[in-house]
Amino acid sequence: MANLVSPIKGFKDLVSGVQESRHNLEEWQFIGRWQFVERIARELLPTYRYGEIRTPVLERTELFSRGIGENTDIVGKEMFSFTARGEREVTMRPENTAGVVRSYVEHKLYTLPGPQKFWYLGPMFRNENVQAGRYRQFHQLGVECFGSDDPRVDAEIIVLATDLLARLGLTGLEVQLNSVGCSECRPAYREALQGFLRQHQEALCENCVTRTEKNPLRVLDCKVETCGPVIRQAPPLSDYLCEACRNHQAGVIRYVESVKLPYVLNPRLVRGLDYYTRTVFEVVSGALGAQNTVLAGGRYNGLVEELGGPSTPAVGWGLGMERLIMLLSKSLVPEEYLDALFMPTTDDAELVAFQLAHQMREAGLRVEVASPGKLGNLFKQAERLRARFGVILGEDELAAKSATVKNLEKREQATVPQLELAGWLKQTQTGELV
């Protein structure tokens, strides 16, 4: 039968408990990996005093055009926007910093003692070309810190990023740092870069020719191979930084070096959003090809004011969950399993198994009840479900009010009274029979 409802290109399912259809899915689509990342993040982020924030998926389009920038590729080409009934034009969020800032301003969180620290996790949407680790619905984990212009805060948020990635077992990563200046010094650089790029337009891709006039800093972020030689010859932004921006960057470096965190200065590093000021950074991986950024962020001191709040310094980062999960070692991610499969051989035994399974779940154990059948078939089902124990219930066990419990890895078994089964299994989750 033909598939009449196929998924939209660039949108993917995340799936739990699938065994026999693994060949139909990419590794990152198995939700056990996502849950692993979320657990580590939820354990780590509170130690840096970050609290969770959840913002709407749908926002007014104006929020992103003002916050991200009219001349960015995101606003100009990639947003999913439409006119809602009775509303102005709305957009499915392409990133979440603008939404967090909107919430910060709306609820006057700037009146609370600072700095205010938030983290989020959720889906974002961009109508862009599908590529490895990036889809039209993708997911970001991010952090935002408001209320401090101290370079120590920039360094702390970078250390937080590397701390998280290290706890996830990632290696071979590189931290890249740069400063994109501020409203005082960046105009002079923009003019110098624009003049340089105009002299080399014949060597630039079509997009970069357009960017030269609208947003020349974005040319430095181009990944088109033919643009590389021009970008490498472009004047470095560091030559145009004002004294305040130089001092800020030196402060960030001093704190980063104080904890012996390796980094490289990348004078060509910019970000694709207009709101960044001073510090920008990326964590890149050699295992992802040309689109190699795992995590990126920086400072955006003017965005709160741009969106209607008081002048408030801020800094943050976001990471793409799909790309991150592609890098995770399988050995670090817990496989899905069952503590026990109840294996009844009669209808009466199935009823008892149903009752006992309820008790097991109340004790926090993962269990499943099979339909009555022959033991050979039931053991095959236990293997498919990755059950640690098989709990056999037949006529003999019902008569004795017991259960035969088999360690399916060691092929050992024990007879356990039904009333003691929950406690017995709880004590032997490691697989050792007692």
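You'll find the side chain of W34 stays beyond 4.5 Å of the side chain of L121, heavy atoms only. A 4.5 Å side-chain heavy-atom check between M321 and V37 finds at least one atom pair inside the cut-off. A heavy-atom distance below 4.5 Å is not found between the side chains of Y255 and D154. For the pair V367 and L338, the minimum side-chain heavy-atom distance is 4.5 Å or more. Between L341 and V391 the shortest side-chain heavy-atom distance does not fall below 4.5 Å.
The cationic group of K9 does not satisfy the cation-pi geometry with Y135, failing either the under 6.0 Å distance to the six-membered ring centre or the 45° limit from the ring axis.
Note that SG of C182 and NE2 of H248 are 10.5 Å apart. Values are rounded to the nearest 0.5 Å. Here the CD1 atom belonging to I158 is positioned 13.5 Å from the CG atom belonging to D163, to the nearest 0.5 angstrom. Distance check, rounded to the nearest 0.5 Å: SG of C208 to CD1 of I231 gives 6.0 Å.
Listed for the R268 side chain is a donor-acceptor partner under 3.5 Å among the backbone atoms of A234. When atom types are taken as modelled, the side chain of K406 and the backbone of F389 share no donor-acceptor pair closer than 3.5 angstrom.
In this view, T210 satisfies the side chain to side chain donor-acceptor pair (under 3.5 Å) rule with no residue, not counting sequence neighbours. Under the side-chain contact (heavy atoms from CB on, under 4.5 Å) criterion, S65 pairs with E62, E70, V75, not counting sequence neighbours. Under the side-chain contact (heavy atoms from CB on, under 4.5 Å) criterion, V105 pairs with V101, V304, not counting sequence neighbours. Residues meeting the salt bridge (Lys or Arg N to Asp or Glu O under 4.0 Å) test with R42, sequence neighbours left out: E52. Applying the salt bridge (Lys or Arg N to Asp or Glu O under 4.0 Å) criterion to R254, with sequence neighbours excluded, gives no partner residue. The salt bridge (Lys or Arg N to Asp or Glu O under 4.0 Å) search around R102 returns E59, E106, not counting sequence neighbours. Scanning for side chain to side chain donor-acceptor pair (under 3.5 Å) contacts around R361 gives an empty result, with sequence neighbours left out. Annotation: side chain to side chain donor-acceptor pair (under 3.5 Å) contacts of H139 (sequence neighbours excluded): E322. Residues passing the side chain to side chain donor-acceptor pair (under 3.5 Å) test with Q176 are E174, N266, sequence neighbours excluded. The salt bridge (Lys or Arg N to Asp or Glu O under 4.0 Å) check on E38 picks up nothing, with sequence neighbours excluded. The side-chain contact (heavy atoms from CB on, under 4.5 Å) test applied to V224 returns C205, C222, T226, C227, not counting sequence neighbours.
By the neighbour-count criterion of 12 heavy atoms within 6.0 Å, atom CZ of F354 is sparsely surrounded, having that number or fewer from other residues, nucleotides or ligands. Counting heavy-atom neighbours within 6.0 Å of N129 CG, excluding the residue itself, gives a total of 12 or less. Around atom CD of E257, more than 12 heavy atoms belonging to other residues, nucleotides or ligands sit under 6.0 Å away. In this structure, E362 places its CD atom where more than 12 heavy-atom neighbours from other residues, nucleotides or ligands lie under 6.0 Å away. When the shell of 6.0 Å around CD of Q355 is examined, it contains more than 12 heavy atoms from other residues, nucleotides or ligands.
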Cut-off 3.5 Å, no hydrogens considered: what does the side-chain donor-acceptor table look like for residues 305-318, sequence neighbours left out?
from, atom 1, to, atom 2, distance (Å)
T312, OG1, P310, O, 2.9
W317, NE1, I157, O, 2.9

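Defined by atom type and a distance below 3.5 Å, a donor-acceptor pair is present between the side-chain atoms of R93 and T55.
Contact check on D149 versus R299 returns a salt bridge, with a Lys/Arg side-chain nitrogen under 4.0 Å from an Asp/Glu carboxylate oxygen.
For F196 and H200, the gap between ring centers is short of 6.0 Å.
Ring-plane geometry between F125 and F80 is classed as perpendicular, the angle between the planes exceeding 60 degrees on a 0 to 90 degree scale with a lower cut at 30.
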